[in-house]
Amino acid sequence: MAKSDYTSTNDSLGAAKSLVNMAMLQNGSGDFYGSIESSLEANSLLKNEKDSTTRSTLAINYNNMAMASNSLKEYEKAYELFKKALKYVDNKEGEYLCYNNISDVLISQKNIKLAKKYLQKAILVKDSNNYSRALNNFAKAKYLDDKNYDPLPELYKALAIRETQQDNWGKNASYATLSDYFAEKDKIKALFFAEKMLQTASNIKSPDDKKEALLRIIYLDPINYLDNFQKFNNVNDSIQTARNKAKNQFALIRFDVEKMKTDIAEGRNQLLIKNVLVAALIIAIIIIIVWYWRRQKRLKKENELKIKSDQLRISKKVHDVVANGIYQVMTKIENQEHFDKEEALDELEFVYEKSRDISYEKHDVEHDTKDNKDRISNLIASFKNDTTDTYIVGNESEIWNGISQSSFEDIYQIIRELMVNMKKHSQASRVIFKFERTDNLVKIQYTDDGIGIPGDLIYKNGLTNTGTRIAAICGEIIFDNKSEKGLKITISFPVS
């Protein structure tokens with residue numbers, strides 16, 4: 001590589017220029033920390049500050065580090081680096097450009113008054129592209145400082161210059177500023193400029209600008225937020241892929257910057273935290289948008305919500321009645337020494353009828369308390385086999401007096417879910433159910449001598465349904481897996 005060639009000939013300035021070029025490429029590809037590392041290595045070679053070429057290279061290099069820091073939202077560091085770049089600029093146009101860059105950072109820091117002071121100098125620039133940048137920023141800063149100020153004439157003037165100059169990158173910045181300005185004043189116009197920004201970003205192949213435009217569109221167009229959020233995710237994934245690829249291209253380059261390693265590591269951790277916070281903010285914004293949209297469209301969407309609720313309810317019934325019912329029949333067949341085909345067919349037919357009842361939305365048939373007692377006893381006994389004994393204490397008819405059939409069905413399905421999970425996972429040799437009733441409170445204690453629940457409780461479909469059922473009858477379920485062996489579960493619920 002060029003840097004190695006210059007180093008081998010002791011051309012430190014040439015090597016430094018190569019590193020600066022590499023740093024700018026890394027910055028452009030999104031490898032901001034790698035860019036800062038390359039720039040720092042270049043600085044270590046730029047010693048002769050009296051040389052004009054060295055000074056101009058230092059100006060470019062500090063400007064690059066400032067831009068990378070700004071992209072990482074490290075605004076204080078970016079501000080200091082832009083001021084260092086300004087020290088090495090030897091012409092007015094370059095100074096005006098630095099002033100504008102500094103104002104960008106100050107606006108991000110919400111230090112608007114100081115930003116306006118720098119922009120008063122930046123606006124003197126002669127180059128039309130740089131002038132439109134300064135004009136756009138100046139109008140934005142004046143509006144942020146005084147909400148009664150009308151920035152539109154200047155913002156539209158900046159946009160017109162950029163259109164004349166065919167400055168697509170500049171147009172994107174104008175569209176972003178105009179979209180932000182109209183966001184709280186005219187959402188239709190704000191959406192129009194956000195969509196113009198997205199179109200221009202696509203034309204110039206700028207994924208970062210596309211991502212920024214889509215964030216605005218997600219907020220401004222709640223009706224199509226799912227489509228737009230999917231597009232946002234796709235763009236975000238492509239950015240990460242491209243940046244990872246770019247990082248891999250520079251993977252073989254190693255620089256001796258021991259002094260900065262700790263700072264860089266801390267910076268990456270801060271970036272990760274910031275990314276998490278940004279993701280959380282995006283999710284929060286989307287949740288707010290969804291809530292607001294549903295609130296506005298509630299009457300129109302009632303039928304759809306009812307359909308979704310019915311689907312969830314039927315899914316829960318299928319899991320509890322059909323899946324667990326079939327598993328119970330399988331357990332009986334497995335545990336019987338003499339297989340009774342007719343009995344198994346009867347029980348499968350019962351499950352089949354239950355599944356048809358679900359499809360036709362038939363309600364469960366009422367049972368008396370004696371039936372309830374026997375159903376519970378038969379359910380628990382059906383899981384007894386050569387390796388697992390089941391015991392029942394206190395399951396008397398009086399336990400179930402006054403309990404509505406719907407509440408009983410919820411308890412029945414909870415107990416069956418516990419037994420299915422025991423059979424699948426616990427390796428228990430003894431299972432005990434104890435039923436107690438005190439006044440209007442029923443307590444059911446489940447204990448086994450199995451392996452318990454290792455680690456934290458994970459709420460998959462079965463336990464999720466169990467929690468839903470307990471909540472429906474205003475009850476409580478407590479899992480105790482802290483003992484050396486086995487599992488203890490306490491279920492309690494009011495009679496009425």
Between atom NZ of Lys488 and atom CZ of Phe479, what is the distance when rounded to the nearest 0.5 Å?
-> 14.0 Å

Describe, in one word, how the ring planes of Phe433 and Tyr446 are oriented to each other, choosing from parallel (under 30°), tilted (30 to 60°) and perpendicular (over 60°).
-> perpendicular

Any side-chain heavy atom of Ile414 within less than 4.5 Å of one from Ile444?
-> no

Name the atoms and distances for all side-chain donor-acceptor pairs under 3.5 Å in residues 276-286, with sequence neighbours left out.
none

For Lys73, does the NZ atom sit with more than 12 other heavy atoms under 6.0 Å from it, leaving out its own atoms?
-> no

Is the number of heavy atoms from other residues, nucleotides or ligands under 6.0 Å of Asp439 CG greater than 12?
-> no

What's the shortest heavy-atom distance between Gly34 and Gln26, and which atoms?
-> O-OE1, 3.3 Å

Taken to the nearest 0.5 Å, the spacing of Glu417 CD from Thr466 OG1 works out to 4.5 Å

Might you work through the salt bridge (charged side-chain N to carboxylate O under 4.0 Å, His left out) test for Glu212 and Arg216, ending with a clear yes or no?
-> CA-CA 7 Å; Glu212 187 177 339; Arg216 288 175 168 83; 2.9 Å; yes

Evaluate side-chain contact (heavy atoms from CB on, under 4.5 Å) for Leu418 paired with Ile491, printing each intermediate quantity in order.
-> CA-CA 11 Å; Leu418 294 179; Ile491 299 168; 3.9 Å; yes

More than 12 heavy atoms from other groups under 6.0 Å of OH on Tyr292 = no

Heavy atoms of Ile102 and Lys83 approach each other most closely as CD1-CG, 4.1 Å

Neighbour count >12 (heavy atoms, 6.0 Å) for atom NZ, Lys142 | yes

Sidechain-backbone polar pair: Ser69 side chain, Met65 backbone, donor-acceptor under 3.5 Å | yes

Are the side chain of Asp449 and the backbone of Gly486 linked by a donor-acceptor contact shorter than 3.5 Å?
-> no

Residues in side-chain hydrogen bond (donor to acceptor under 3.5 Å, both in side chains) with Gln109, at least two apart?
-> Glu76

Closest approach of Thr390 and Ala381, non-hydrogen atoms and distance?
-> OG1-CA, 3.9 Å

Heavy-atom count around Met67 CE within 6.0 Å, excluding the residue itself: above 12?
-> no

Side chains of Asn234 and Gln230: donor-acceptor distance under 3.5 Å anywhere?
-> yes

Would you give the length of the straight line joining atom CG of Asn233 to atom NZ of Lys211, rounded to the nearest 0.5 angstrom?
-> 10.0 Å

Can you name the nearest heavy-atom pair linking Tyr75 to Val105, along with the distance?
-> O-CG1, 3.2 Å

Output yes when a side-chain donor or acceptor of Thr388 lies under 3.5 Å from a complementary backbone atom of Ala428, and no otherwise.
-> yes

Taking atom CG of Leu114 and atom CG of Leu106, what is their separation to the nearest 0.5 Å?
-> 4.5 Å

Is there a donor-acceptor pair under 3.5 Å between the side chain of Asp448 and the backbone N or O of Leu487?
-> yes

With distance as the sole criterion, is a donor-acceptor pair present between the side chains of Asp104 and Asn70 under 3.5 Å?
-> no

Do Lys140 and Pro151 come close enough that some side-chain heavy atom pair is under 4.5 Å?
-> no

Does the side chain of Val431 come within less than 4.5 Å of Thr447's, by heavy atoms?
-> no

Please examine the side chains of Asp180 and Tyr143, heavy atoms only from C-beta on, and report whether any two atoms are closer than 4.5 Å.
-> no

Considering all heavy atoms of both residues, which atom of Pro222 and which atom of Ile289 are nearest to each other, and what is their separation?
-> CB-CG2, 3.4 Å

Check whether any side-chain heavy atom of Leu178 sits under 4.5 Å from a side-chain heavy atom of Phe192, and report yes or no.
-> no

Donor-acceptor contact present, side-chain Ser426 to main-chain Ile451, <3.5 Å | no

Evaluate the criterion side chain to side chain donor-acceptor pair (under 3.5 Å) for residue pair Gln405 and Glu409; output intermediate values, then yes/no.
-> CA-CA 6 Å; Gln405 195 58 35; Glu409 291 300 331; 3.1 Å; yes

Val420 versus Phe383: any side-chain heavy-atom pair under 4.5 Å?
-> yes

Side-chain touch Leu72/Lys77, heavy atoms, less than 4.5 angstrom | no

Counting heavy atoms not belonging to Lys189, are there more than 12 under 6.0 Å from its NZ?
-> no

Atom NZ of Lys187 with >12 non-hydrogen neighbours under 6.0 angstrom | yes

Trp169 and Asn172: CA distance, side-chain angles, deciding distance, side-chain contact (heavy atoms from CB on, under 4.5 Å) verdict | CA-CA 5 Å; Trp169 292 93; Asn172 241 16; 5.5 Å; no

Is any side-chain heavy atom of Lys384 closer than 4.5 Å to a side-chain heavy atom of Asp389?
-> yes

Is a side-chain donor or acceptor of Asn440 paired with a backbone partner of Val495 at a separation under 3.5 angstrom?
-> no

Within the distance-only criterion (no hydrogens, no angle test), does the side chain of Asp186 pair as donor or acceptor with the backbone N or O of Phe182 below 3.5 angstrom?
-> no

Between the side chains of Asn224 and Asp227, does any donor sit under 3.5 Å from an acceptor?
-> no

Examine the side chains of Thr490 and Asp480 and answer whether a donor and an acceptor come within less than 3.5 Å of each other.
-> no

Nearest-0.5 Å distance, OG of residue Ser179 to CG of residue Leu220 | 5.5 Å

Between Cys474 and Pro494, what is the shortest heavy-atom contact and its length?
-> O-CD, 3.4 Å

After noting the C-alpha distance and the side-chain angles of Arg469 and Asp410, does the key distance pass the salt bridge (charged side-chain N to carboxylate O under 4.0 Å, His left out) rule?
-> CA-CA 6 Å; Arg469 289 185 179 281; Asp410 283 327; 2.4 Å; yes

Within 6.0 Å of NZ in Lys113, more than 12 heavy atoms from elsewhere | no

Under 3.5 Å donor-acceptor, Arg437 side chain and Glu398 backbone = yes

Under the 3.5 angstrom rule, does the side chain of Ser404 hit a backbone N or O of Ser407 as a donor-acceptor pair?
-> yes

Spacing of Asp221 atom CG and Trp293 atom CH2 [to the nearest 0.5 Å] | 10.5 Å

Mind checking whether Trp400 and Phe493 have parallel, tilted or perpendicular rings, split at 30° and 60°?
-> parallel

State whether a side-chain donor-acceptor pair under 3.5 Å links Asn385 with Thr387.
-> yes

